[in-house]
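A note on names: the letters A, B, ... follow the listed sequences, proteins ahead of strands, and every chain is numbered from 1.
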2 protein chains.
Amino acid sequence: MTVAETTTPPEAEAAWQILWELMLKQRTRFVEAVAELDLTPVQAIVLRRLDPERPTPMREIADMLRCDASNVTGIVDRLEARGAVERRPDPTDRRVKALVLTRSGRTLRRRALQKMGEPPPEIANLSRADLQTLHGILSRTTSR
Amino acid sequence: MTVAETTTPPEAEAAWQILWELMLKQRTRFVEAVAELDLTPVQAIVLRRLDPERPTPMREIADMLRCDASNVTGIVDRLEARGAVERRPDPTDRRVKALVLTRSGRTLRRRALQKMGEPPPEIANLSRADLQTLHGILSRTTSR
DNA sequence: TATTGTTATACTCTATAACTATA
DNA sequence: TATAGTTATAGAGTATAACAATA
């Protein structure tokens, strides 16, 4: 009997292992950080996705979250109830409702982005050289 | 009025930015991967935490998840209903219930670990040199 | 008195199915 | 017919509060 073959190099598994641990820790940190703004994780992710310059169709949010469109209704309901966003009917396609950040929604978004952008101590404490190298390598994961 | 000072070096923010994007993408991937084993994300995380060699008090699970103990009751109920774990009263402290993996629970855990340990293409496609460097830097984030 | 785990309750996120109104 | 968004419903995770058993 043969063991299922690993096409993945062992170096990748080792690196991924640590990255995974780091992500697990950050999950909790993220939840707590946005909770200080009275936001749930998904609400923060949606807020982050909304473009302050452009009304965003709800469909795009569902695609981004990879969830059913029906879920977006509730999430947006709560963001709207708190005055962060407004639904605006699209002039060209009347089926579409686009989301627009309110004045306070833009402020809230900015605060949320700030919290999310704050690197955790694990990262912040690395040397500049390490950080630059890390940045270089990580860039290669997105581009390609 | 002064702007809140950033003690964080800009290199850290840049690296964190990309890491954050990567984590957001992996979130979806993780959910889908463990769903193939009919596991929710939290169930997979709990399973991963259970030591096949040692009964684990429910309290430890609550601490690990950083949630109220009452939540663990439900999560364990579902894992137990599916035959993956059993509650075993602790002989020395009768308040404590410790979790033990069943035979099929151990298999399930192994499969889950395998799925979680599989590096995503973004990582797997990096060069060996990059992977080794990455591993070195990431190791420095955990230790200290 | 403090701790472990449970029950009850409420809220949010998620999936599915059925529906409306548009296209 | 197909698509955008809604409603209804159900399951899961999470928080709080009240409780029983034990320490």
Listing time: all N or O pairs from protein to nucleotides 16-19 of chain C that are below 3.5 Å?
residue: C/dT16; atom: O4; partner: A/S70; partner atom: OG; Å: 2.7

(request) Not counting sequence neighbours, list each pair that qualifies as a ring-ring contact (aromatic ring centres under 6.0 Å, His included) and has a residue in residues 29-56 of chain A. (result) A/F30-B/W20
(message) Atom CZ of residue position A/R54 - does it have more than 12 heavy atoms of other residues, nucleotides or ligands inside 6.0 Å?
(response) yes
(request) Nearest whole angstrom, please: distance from the P of C/dT6 to the CD1 of B/I61. (result) 12 Å
(request) Applying side chain to side chain contact (heavy atoms under 4.5 Å, CB included) between B/Q43 and each of B/L79, B/V34, B/L108, report the one that passes. (result) B/L79
(request) Would you name the heavy atoms of B/I18 and A/S139 that are closest together and state the gap between them? (result) CD1-OG, 3.5 Å
(request) Check whether any side-chain N or O of B/T102 sits under 3.5 Å from a backbone N or O of B/G83 as a donor-acceptor pair, and report yes or no. (result) yes
(request) With the side chain of A/M58 defined as its heavy atoms from C-beta on, choose the nearest nucleotide among C/dT6, C/dC13, D/dT6. (result) D/dT6
(request) Among the candidates C/dT14, C/dA21, C/dT6, find the nucleotide nearest to the side-chain atoms of B/K97. (result) C/dT6
(request) Could you check how far CZ of B/R59 sits from P of C/dA2, rounded to whole Å? (result) 16 Å
(message) Can you tell me which nucleotide in C/dT6, D/dA15, C/dT4 comes closest to the side chain of B/V96?
(response) C/dT4
(request) Give the rounded distance in Å between these two atoms: CZ of A/R95 and P of D/dT1. (result) 17 Å
(request) Please name all residues satisfying salt bridge (charged side-chain N to carboxylate O under 4.0 Å, His left out) with A/D90, sequence neighbours left out, ordered by chain then number. (result) none
(request) Could you pick out which residue, A/R94 or B/E60, lies toward the 5' side of DNA chain C when each is mapped onto its nearest nucleotide? (result) B/E60
(request) Answer yes when B/K25 and B/E122 have at least one side-chain N-carboxylate O distance shorter than 4.0 Å, and no when they do not. (result) yes
(message) The criterion is salt bridge (charged side-chain N to carboxylate O under 4.0 Å, His left out); which residues satisfy it with A/E86, sequence neighbours excluded?
(response) none
(request) State, to 0.1 Å, how close A/M116 and A/A44 come at their nearest heavy-atom pair, and which atoms those are. (result) CE-O, 3.6 Å
(message) Quick check on contacts: within residues 29-46 of chain B, what sits under 4.0 Å from DNA chain C by heavy-atom distance?
(response) none
(request) Please report the closest heavy-atom contact between B/A69 and B/R59, naming both atoms and the distance. (result) CB-NH2, 3.9 Å
(request) Send over the distance from B/D93 CG to D/dT22 P, rounded to a whole Å. (result) 10 Å
(request) Could you pull out the closest heavy-atom pair between A/L37 and A/R82, with the gap in Å? (result) O-NH2, 2.9 Å
(message) Using a 4.0 Å cut-off on heavy atoms, which residues in residues 76-92 of chain A reach DNA chain C? List them by number, or say none.
(response) A/R78, A/T92
